[in-house]
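In the text below, chain A, chain B and the rest are named by the order of the sequence lines, each starting its count at 1.
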2 protein chains.
Amino acid sequence: MENPTIHDVAHLAGVSSATADRVLNRRGNVASKSIRKVEDAVQKLGYVRNSAAARLSKNKAFRIAFVLPRKDHGFFGRMHLHLVENLSHFRNAGLSIKVFEFAAFDGEALNLTLKNIRSEEFDGVAFVGQQTQEITKTLDALRKHGLTIVSLVSDVPENYRDYYIGIDNRKAGRTAARLIGRFHRGDKGKIILIAGSMDVGDHFERISGFKEVIDNDFPNIELTSTIETFDQPNIMRRELRSRLEGEHSFTAIYNAGAGNEGLVDVLRFLDPQHFVFSITHEISPIIREGLLEGIIDVALDQRPEIEISRALMVFQATNDKVEQPVLPELIPAIYVRDNLPQIQT
Amino acid sequence: MENPTIHDVAHLAGVSSATADRVLNRRGNVASKSIRKVEDAVQKLGYVRNSAAARLSKNKAFRIAFVLPRKDHGFFGRMHLHLVENLSHFRNAGLSIKVFEFAAFDGEALNLTLKNIRSEEFDGVAFVGQQTQEITKTLDALRKHGLTIVSLVSDVPENYRDYYIGIDNRKAGRTAARLIGRFHRGDKGKIILIAGSMDVGDHFERISGFKEVIDNDFPNIELTSTIETFDQPNIMRRELRSRLEGEHSFTAIYNAGAGNEGLVDVLRFLDPQHFVFSITHEISPIIREGLLEGIIDVALDQRPEIEISRALMVFQATNDKVEQPVLPELIPAIYVRDNLPQIQT
DNA sequence: CAAAAAATGATGTACGAACATCATTATGTC
DNA sequence: GACATAATGATGTTCGTACATCATTTTTTG
């Protein structure tokens with residue numbers, strides 16, 4: 001039960017292996033009749049390119065640019081770390097990786113970084129970021145040069161990227177709302193909403209998913225205006241304190257932004273029974289403490305490590321010109337104090 | 001920045017490439033002095049075997065036996081399906097897969113199936129199952145013949161397998177308990193516990209993790225004896241009905257067994273306000289319905305598709321004689337009605 | 001119909017490891 | 001020191017694809 005080779009394909013198609021090669025690698029200058037014959041033969045034989053041979057023969061890596069917010073941001077720091085940890089593994093798989101950093105939430109900085117990616121130097125780009133007019137234009141240019149574009153964490157419209165790897169943020173927000181709503185068990189409630197920035201798609205979608213469910217299914221619960229923190233602990237502390245000042249009717253809190261030590265700081269000095277429930281996003285050492293102390297009930301985590309791995313798998317399949325592996329949908333992990341991951345993240 | 005080859009290693013070590021090859025592939029008949037020299041050179045150069053070249057040269061697949069409970073069991077059916085879906089992808093990666101089925105929970109059948117795996121025909125075994133004296137003995141024999149053993153879903157002691165791929169079932173049980181306990185918000189409670197079989201490690205550990213948390217942190221909540229259903233809807237229906245008959249003080253239910261239509265059937269005919277909370281394991285079309293109807297609050301799901309993929313990655317790295325990729329811990333997904341996966345599972 | 005352009009075939013090399021064979025050298029044993 | 005055994009080197013083939021070159025055939029175009 002030997003696997004068919006390109007020679008078998010060529011033979012069955014009645015062409016030379018050179019022509020079969022021209023077809024399979026889209027080198028052009030092939031009659032459409034020949035193309036059809038080769039494709040039929042591929043079908044009939046179930047030919048699959050031997051990626052080991054291909055990789056060996058090509059003898060050059062698929063060059064990927066990872067464009068990520070700076071690693072001092074806890075959440076993205078995890079992405080950087082995971083990339084580094086798997087570098088040797090993927091180098092061996094024929095991928096070479098270069099990381100570019102920009103300031104989180106800074107659309108212009110992102111655009112500038114993307115613009116600096118020279119299409120002769122890279123075969124693919126994976127990036128995290130919001131969508132602006134300029135950014136989509138830059139992405140478009142890159143795609144026209146044949147680069148494979150992967151958006152991470154926060155999606156851009158389909159025609160500006162080849163793949164999106166991230167969670168469904170609307171679902172994440174809805175999940176948070178369901179848990180909080182359900183925990184009220186019919187009691188009245190009043191919720192504080194927080195986001196990093198409503199300008200980035202992922203935070204925006206979480207908040208609106210959250211509102212959907214509360215509005216529809218939990219009429220006893222009141223929502224208040226969303227605080228924006230830009231994921232900065234100082235702003236979180238200031239804004240949250242001022243919101244809580246003199247007001248004692250809040251029953252729950254949902255932070256759609258990334259794990260934020262400011263949140264834990266403030267909650268730590270409140271009456272532990274103050275809230276019915278509190279949910280935040282992305283695990284970090286401080287959020288972990290919050291969970292263990294019982295200050296925070298649930299942390300949704302999109303597991304950036306897995307997103308990085310998936311992105312690399314996508315590039316690998318692209319490079320090998322092989323079907324993408326079938327993998328289940330990414331969903332955020334839901335952490336309570338009892339299922340925290342072993343490794344310190 | 002070319003990657004070093006085995007010739008570079010041999011040259012630096014001051015031996016021939018034949019000897020370097022003998023060292024790297026443990027062919028024996030090499031002086032320990034030479035071994036050291038080669039290993040030092042590998043270190044110094046950061047030599048990593050080119051797995052593409054190796055795979056091409058070997059020109060034979062790593063033969064894996066998957067030993068799984070029958071596919072008519074919903075949860076394991078998902079494993080079978082995912083294996084089939086990824087067959088071509090992993091054939092291309094140098095793995096060949098054969099699946100063996102046995103009746104779930106039947107230790108003897110499992111042992112018999114494992115015994116029938118001839119060590120000349122396979123290079124690795126992945127299996128799901130409990131541990132008995134006989135089974136560990138069989139596994140031991142297989143390992144002695146050099147097969148790589150991976151246990152799935154439910155672990156066996158470390159020295160009987162090379163890798164365990166599955167969730168931490170104690171944590172899963174603790175998580176369920178935390179949610180249920182927290183939802184009681186201090187009220188008194190009485191819980192029905194269900195398992196497929198307390199003889200299989202995963203179910204046993206879930207139940208004991210669950211008890212741990214309730215006993216420690218929720219003194220107001222009472223636990224009742226565990227019902228065993230062998231994951232069969234008929235038994236579930238009968239036992240659950242008899243437990244509920246005339247008794248109205250139960251406040252929550254935790255099914256540590258796999259998704260079970262019998263559970264939904266019975267709950268559907270109860271007063272919807274009967275329970276504070278209900279949690280089950282493993283998503284299925286029926287459990288999905290239960291979640292959408294509000295009969296079931298949470299389904300923990302260990303995502304067998306991901307476990308299969310991970311197992312295949314482990315075998316692949318083993319075959320390529322390359323470091324295992326660094327991947328985050330597997331944790332069960334927590335589904336509520338708002339974050340159900342797209343695909344019908 | 002001639003010239004240009006397009007399509008095809010024939011052929012060979014390179015990639016890096018696995019593996020086999022045979023000759024040679026070093027080491028150990030009585 | 002003769003002999004067996006262990007260790008090593010030299011060398012060549014194989015795996016399947018990518019890619020390059022050049023000759024030849026077919027098709028298109030004016």
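- In 5' to 3' order, the nucleotides of DNA chain D bounding all contacts with chain A (an atom under 4.0 Å from a heavy atom) are D:dG16 to D:dC19.
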**Prompt:** How is the base pairing of DNA chain D summarised as a dot-bracket string, given the Watson-Crick and G-U wobble criteria with both distances under 3.5 Å, [ ] for crossing and | for another strand?
**Reply:** ||||||||||||||||||||||||||||||

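- For B:Phe315, the ring pair (Phe, Tyr, Trp, His ring centres under 6.0 Å) partners two or more places apart in sequence, or in a different chain, are B:Phe62.
- With a 4.5 Å cut-off on side-chain heavy atoms, A:Glu307 and A:Val153 count as touching.
- Atom CE of B:Met313 is separated from atom CZ of B:Arg310 by 7.0 Å, given to the nearest 0.5 angstrom.
- Evaluation of the ring pair (Phe, Tyr, Trp, His ring centres under 6.0 Å) rule for A:Phe76 yields A:His73 as partners, not counting sequence neighbours.
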Can you tabulate the close N/O pairs, meaning under 3.5 Å, that link protein atoms to atoms of nucleotides 23-29 of chain C?
none

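- In this structure B:His11 satisfies the side chain to side chain contact (heavy atoms under 4.5 Å, CB included) test with no other residue, sequence neighbours excluded.
- Within the structure, the side-chain hydrogen bond (donor to acceptor under 3.5 Å, both in side chains) test picks out the following pairs touching residues 31-54 of chain A (sequence neighbours left out): A:Asn25-A:Arg49, A:Ser51-B:Asn92.
- Within the nucleic acid shown, A:Ser34 comes within 4.0 Å of sugar-phosphate atoms alone, with no base atom in reach, counting heavy atoms only.
- Within residues 36-45 of chain B, no residue has any heavy atom under 4.0 Å from DNA chain C.
- Between B:Gln302 and B:Phe75, the closest side-chain pair of non-hydrogen atoms falls below 4.5 Å.
- Listed by residue number, B:Asn29, B:Val30, B:Ala31 are the residues of residues 24-32 of chain B with a heavy-atom contact under 4.0 Å to DNA chain D.
- In this structure, B:Arg26 has no salt bridge (Lys or Arg N to Asp or Glu O under 4.0 Å) partners at least two apart in sequence or on a different chain.
- Annotation: side chain of A:Leu68 is not in contact with side chain of A:Phe102 (no heavy-atom distance under 4.5 Å).
- Listed by first and then second residue, the ring-ring contact (aromatic ring centres under 6.0 Å, His included) pairs involving residues 147-168 of chain A amount to none (not counting sequence neighbours).
- Side-chain polar atoms of A:Asn111 and A:Thr138 form a donor-acceptor pair below 3.5 angstrom.
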Contact list (N/O, under 3.5 angstrom) for nucleotides 11-16 of chain C vs protein:
{"unit_1": "C:dC15", "atom_1": "O2", "unit_2": "A:Ser57", "atom_2": "N", "d": "3.4"}
{"unit_1": "C:dG16", "atom_1": "N2", "unit_2": "B:Ala53", "atom_2": "O", "d": "3.4"}

